[in-house]
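Letters A, B, ... mirror the listed sequences (proteins, then strands); counts begin at 1.
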Amino acid sequence: MLTIHNTMSGMKEAFKPLIPGQVGMYVCGVTVYDDCHLGHARSAIVFDTIRRYLQWRGFVVTYVRNFTDVDDKIIVRANQESRDWTEVVAQYIDAFARDMERLSVTVPDQEPRATEHMPEIIHMVGGLIDKGVAYVVDGNVYYRVGGFSEYGCLSHRKLADMLAGARVDIDERKHHPMDFALWKTSKVGEPAWESPWGSGRPGWHIECSAMSVAHLGETFDIHGGGEDLIFPHHENEIAQSQAFTGKSFARYWIHNGFVTIHAEKMSKSLGNTFTIRALFEASGYAEVVTAEVIRYFVLSAHYRSPIDVLDDSFQESKRALNNVYDLLLRLDEVSTTHGGADADIAGILTRLQSGFEAAMDDDFNTPEAIGELQRVRTEINVCLAKGLSGETAAQVRDRLRSIGQVLGLFQIQVQDWEFGEKAAWTSKLANRSTPQLSEVDIEEMIGERQAARSNKDWKRSDEIRDNLAVHGVILEDRPDGTSRWKR
RNA sequence: GGCGGCGUACCCAAGUGGUUAAGGGAGCAGUCUGCAAAACUGCGAUUCAGCGGUUCGAUUCCGCUCGCCGCCUCCA
């Protein structure tokens, strides 16, 4: 049974979708005013994995992830750079798409944009005014927080407590300090849409209410995002949506934890942000390899825990992944028709699958799931040493790949995996750029070394191996006298 | 001030009211190897921040203390 930790109740709950077999899932995407960083990557990877697992479990998932493409920060950015806000939006939507593609994050079923839902937004704002939970002041529309008795139900706070914390802007136009804008008047040159309250633009929050209801209905199954969105963003979405529709909004709220760098929150003032793009550029590995390393790192901690990036974090993930690809390499090499350990495989694969599902069913416990995979890896290696038939080896490989697919791991062709270490990542390892040897050259050198070895010319043999190593080629001698190589 | 979370071996990180407290990285030793590498095997927390309480029994539940962190303002 799949259980999910619901932020609303603060507990793990059995997951039962509204319509059996189907899941509607809305995840807050990004406001497109800057490049995305590792924190965005975590959120994207976590919810991508949740989506993949729901599909693995047989649910038909409708996955919606929005773009907030009208916002104060976008306007500020456009003004700073003296260009039109639509250019800023276009640039960062493209950048986001590129980042997601690089991270092997699957494309959502819908990627709605706020600016494409103005009629729905205006309709919702008008409806909230009609119902008396919103009021107009000089072309601005505010939501009356005091009129929604459940306000604070998601973040588990009381209005009075929030006020006691001070730090709330005093805005004379608001009836209550916690009231928030549904609609703002626009200045000349700012993005603006005609509305019954004058020319203006939506406040933050309302676009997600309008888009989620438009694409998934008034009540839907899962709403997710980073934990910082719990308040005020998701709290306000609930207030708006439920006041407007009169129905309950999202049924399961899922929030992922933060990424910190050396235990510090990423922030521009600290200068410790890692953009996704920079990570790929610094890695030194092929993009597909880098993607799996980042995914492995992200999924090696539970999604609700904070995850800290240290100098060696990515390198550790890379090495852990090397083990699995070493196994896949050996599985690919199997060519015998019968194997002594074939009989053991069925049981191992069954346990792998049940262990994997048990872990994922428990609130998407990816670290546990990865642990299960690593444990089974050793068992399979033992079988391999005893002997596997080519057919069984292929079966093992396919199963590892199909389970790995849920996590977005082990999907690379073995010959494209890079076993050597060359990443700069966060530490300052120099990026060596030695010319790549062609496969023909490598095979030739291996042939020469083999001849040297059969003459017991160990000096020459080691010379060749060292020379290959300089070019990033790793040699491993098999018991039968042949050698395998990998980069 | 309010709310919430965390503290498990050198590092990362799961987990459980009671059999051996996963797994990965690093390390050490062994098997294998001409030597390596890989793989495998073994070693490594008598202990889960500290102190009390509940219990036949707690790392796991409760309370307190110490330390760290997040949210309460834009934020994945």
Side-chain angles (χ1 to χ4, degrees), chain A residues 7 10 27-31 33-34 36-47 71-73 76 152 155-158 160-169 178 204 224-233 235 255-260 263-268 296-297 300-302 304-313 315-324 326-327 329-330 355 359 362 365-382 384-386 419 453 456-459 461-462 465-466 469 474-479 481 483-486:
Chain A
T7 307
V27 173
C28 284
V30 291
T31 301
Y33 74 103
D34 204 351
C36 289
H37 54 63
L38 233 198
H40 298 102
R42 183 184 193 187
S43 184
I45 289 167
V46 161
F47 287 104
D71 180 87
D72 290 354
K73 289 195 291 296
V76 168
S155 52
H156 307 110
R157 324 170 168 183
K158 300 182 183 76
D161 293 341
M162 288 189 256
L163 287 178
R167 290 208 296 180
V168 176
D169 286 344
M178 297 304 293
W204 186 28
E227 67 178 7
D228 51 337
L229 295 179
I230 296 171
F231 190 90
H233 186 55
E235 196 72 72
H255 293 97
N256 66 275
F258 274 113
V259 177
T260 55
E264 283 180 321
K265 184 173 172 175
M266 276 191 287
S267 81
K268 281 170 190 162
Y296 191 99
F297 170 68
S300 65
H302 185 81
R304 283 190 284 118
S305 304
I307 190 169
D308 197 28
V309 181
L310 301 172
D311 285 344
D312 297 330
S313 296
Q315 205 57 259
E316 279 186 18
S317 296
K318 172 67 171 52
R319 288 175 184 163
L321 234 20
N322 278 352
N323 294 335
V324 179
D326 263 318
L327 169 61
L329 174 62
R330 264 173 269 116
D362 182 16
N365 192 337
T366 54
E368 179 76 44
I370 287 174
E372 197 63 43
L373 281 157
Q374 291 282 11
R375 199 159 31 234
V376 162
R377 174 180 60 82
T378 300
E379 294 180 32
I380 297 171
N381 271 320
V382 171
L384 218 34
K386 284 198 258 179
F419 289 90
R453 291 181 74 208
K456 299 203 187 303
D457 183 355
W458 310 126
K459 185 164 172 285
S461 164
D462 292 349
R465 189 168 61 196
D466 293 345
I474 302 160
L475 272 197
E476 293 171 6
D477 296 334
R478 299 190 187 93
S483 304
R484 78 164 64 92
W485 64 273
K486 59 194 188 186

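A/His233 pairs by the side chain to side chain contact (heavy atoms under 4.5 Å, CB included) definition with A/Cys28, A/Trp204, A/His205, A/Glu207, A/Cys208, A/Leu229, A/Glu237, not counting sequence neighbours. Remark: A/Asn322 pairs with A/Lys318, A/Trp417 by the side-chain hydrogen bond (donor to acceptor under 3.5 Å, both in side chains) rule, at least two apart or across chains. Take A/Arg319 and apply the side-chain hydrogen bond (donor to acceptor under 3.5 Å, both in side chains) test, not counting sequence neighbours, and it matches A/Glu421. Under the salt bridge (charged side-chain N to carboxylate O under 4.0 Å, His left out) criterion, A/Lys158 pairs with no residue at all, not counting sequence neighbours. By the side chain to side chain contact (heavy atoms under 4.5 Å, CB included) test, A/Lys486 is found to be paired with A/Asp326, A/Leu329, A/Phe419, A/Ile474, A/Glu476, residues two or more places apart in sequence or in another chain being considered. For A/Thr366, the side chain to side chain contact (heavy atoms under 4.5 Å, CB included) test picks out A/Thr49, A/Leu299, A/Met360, A/Leu407, with sequence neighbours left out. For A/Lys456, the side chain to side chain contact (heavy atoms under 4.5 Å, CB included) test picks out A/Trp458, with sequence neighbours left out. Taking the side-chain hydrogen bond (donor to acceptor under 3.5 Å, both in side chains) definition, one finds that A/Tyr33 meets it with nothing, sequence neighbours left out.
Note that CE of A/Met266 is 5.5 Å distant from CG of A/Leu38, once rounded to the nearest 0.5 Å. Rounding to the nearest 0.5 Å gives a distance of 5.5 Å between CG of A/Leu475 and OG of A/Ser483. Distance CG/A/Asn256 to CG/A/Asp228: 8.0 Å, rounded to 0.5 Å. Taken from CZ in A/Arg157 to CD1 in A/Ile230, the straight-line distance is 8.0 Å, to the nearest 0.5 Å. Separation of atoms OG (A/Ser155) and CE (A/Met162) is listed at 5.0 Å; rounding is to 0.5 Å. From A/His255, atom NE2 reaches atom OG of A/Ser43 across 9.5 Å, with rounding to the nearest 0.5 Å.
Among the atoms of the strands shown, base atoms are found under 4.0 Å from some heavy atom of A/Phe258. Using a 4.0 Å heavy-atom cutoff across all strands shown, A/Leu475 reaches at least one base atom of the nucleic acid. Within the 4.0 angstrom heavy-atom criterion, only backbone atoms of the sugar-phosphate kind lie near A/Arg330; the bases stay farther away. Base engagement by A/Asp477 is indicated by at least one non-hydrogen atom pair under 4.0 Å involving a base atom. A/Arg453 comes within 4.0 angstrom of a base, heavy atoms only. Looking at heavy-atom distances under 4.0 Å, A/Val46 makes no contact with the nucleic acid at all. When heavy atoms are screened at a 4.0 angstrom cut-off, A/Gly257 is found touching base atoms of the nucleic acid.
Between the P atoms of B/rG70 and B/rU20, the separation comes to 40 Å (whole Å). Taking atom C1' on both B/rC11 and B/rU16, the two are 24 Å apart, rounded to the nearest angstrom. Taking atom P on both nucleotides, B/rG42 is separated from B/rU47 by 23 Å, rounded to a whole Å. Across B/rU55 and B/rC6, the matching P atoms stand 26 Å from one another, rounded to whole Å. Comparing the C1' positions of B/rG18 and B/rG57 gives a spacing of 6 Å, expressed to the nearest Å. Comparing B/rU19 with B/rA14, their P atoms are spaced 22 Å from each other, to the whole Å. As rounded to the nearest Å, B/rA45 and B/rG23 have C1' atoms that lie 15 Å from one another. One C1' atom belongs to B/rC69, the other to B/rA9, and the distance between them is 23 Å to the nearest Å.
The side chain of A/Ser461 lies closest to B/rG34 when the candidates are B/rG34, B/rA37, B/rG70. Candidate nucleotides B/rA39, B/rG34, B/rA14 were compared by shortest atom distance to the side chain of A/Asn323, and B/rA39 ranks first. Minimum atom distance to the side chain of A/Gln374 is reached by B/rG23, of the listed B/rC71, B/rG23, B/rA36. Candidate nucleotides B/rA76, B/rG34, B/rA38 were compared by shortest atom distance to the side chain of A/Asn256, and B/rA76 ranks first. The side chain of A/Ala320 has B/rG24 as its nearest neighbour among B/rG24, B/rA36, B/rA76. Taking every side-chain heavy atom of A/Asn365 into account, B/rA14 is the closest of B/rA14, B/rA38, B/rG34. Side chain of A/Trp458, nearest nucleotide from B/rC71, B/rG24, B/rG34: B/rG34. The side chain of A/Met162 has B/rC72 as its nearest neighbour among B/rA38, B/rA14, B/rC72.
Of the two residues near RNA chain B, A/Tyr296 and A/Lys73, the one whose nearest nucleotide lies more 5' is A/Tyr296. Comparing A/Glu372 and A/His37 by the nucleotide of RNA chain B whose heavy atom lies nearest to each, the residue mapping closer to the 5' end is A/Glu372.
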Kindly indicate, with the supporting measurements, whether the criterion side chain to side chain contact (heavy atoms under 4.5 Å, CB included) is fulfilled by A/Arg304 and A/Glu227.
-> CA-CA 8 Å; A/Arg304 283 190 284 118; A/Glu227 67 178 7; over 6 Å; no

Between protein and nucleic acid, restricted to nucleotides 19-21 of chain B and to nitrogen or oxygen atoms under 3.5 Å apart, what atom pairs and distances do you find?
none

Between protein and nucleotides 40-43 of chain B, what N or O pairs are separated by less than 3.5 Å?
from   : atom 1 : to       : atom 2 : distance (Å)
B/rC40 : OP1    : A/Asn381 : ND2    : 3.2

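Stretches of at least 3 consecutive Watson-Crick or G-U wobble pairs, with each checked distance under 3.5 Å, appear in RNA chain B as B:1-7 with B:66-72, B:10-12 with B:23-25, B:27-31 with B:39-43, B:49-53 with B:61-65.
Two residues are said to be in side-chain contact when any heavy atoms from C-beta on lie closer than 4.5 Å; A/Arg453 and A/Asp462 fail this criterion. Looking at heavy atoms from C-beta onward, A/Asn381 lies in side-chain contact with A/Leu327 at the 4.5 angstrom threshold.
The distance from atom CG of A/Asn322 to atom C1' of B/rA37 is 13 Å, rounded to the nearest whole Å. Here the C1' atom of nucleotide B/rG70 and the CE atom of A/Met266 are 14 Å apart, to the nearest Å. Whole-Å rounding puts the A/Glu476 CD to B/rA37 P distance at 10 Å.
One finds no side-chain N or O of A/Lys158 lying less than 4.0 angstrom from the OP1 or OP2 phosphate oxygen of B/rC72. Note on A/Arg319: a side-chain N or O is less than 4.0 Å away from OP1 or OP2 of B/rA26.
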Going 5' to 3' along nucleotides 4-13 of chain B, which nucleotides have protein heavy atoms under 4.0 Å from the base (write B), which only from the sugar-phosphate (write S), and which from neither (write -)?
-> -------BSS

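Judged by distance alone, with hydrogens and angles left aside, A/Arg42 brings no side-chain donor or acceptor close enough to the base of B/rA76 to form a pair under 3.5 Å. A donor and an acceptor atom never sit less than 3.5 Å apart when one is taken from the side chain of A/Asp228 and the other from the base of B/rG70.
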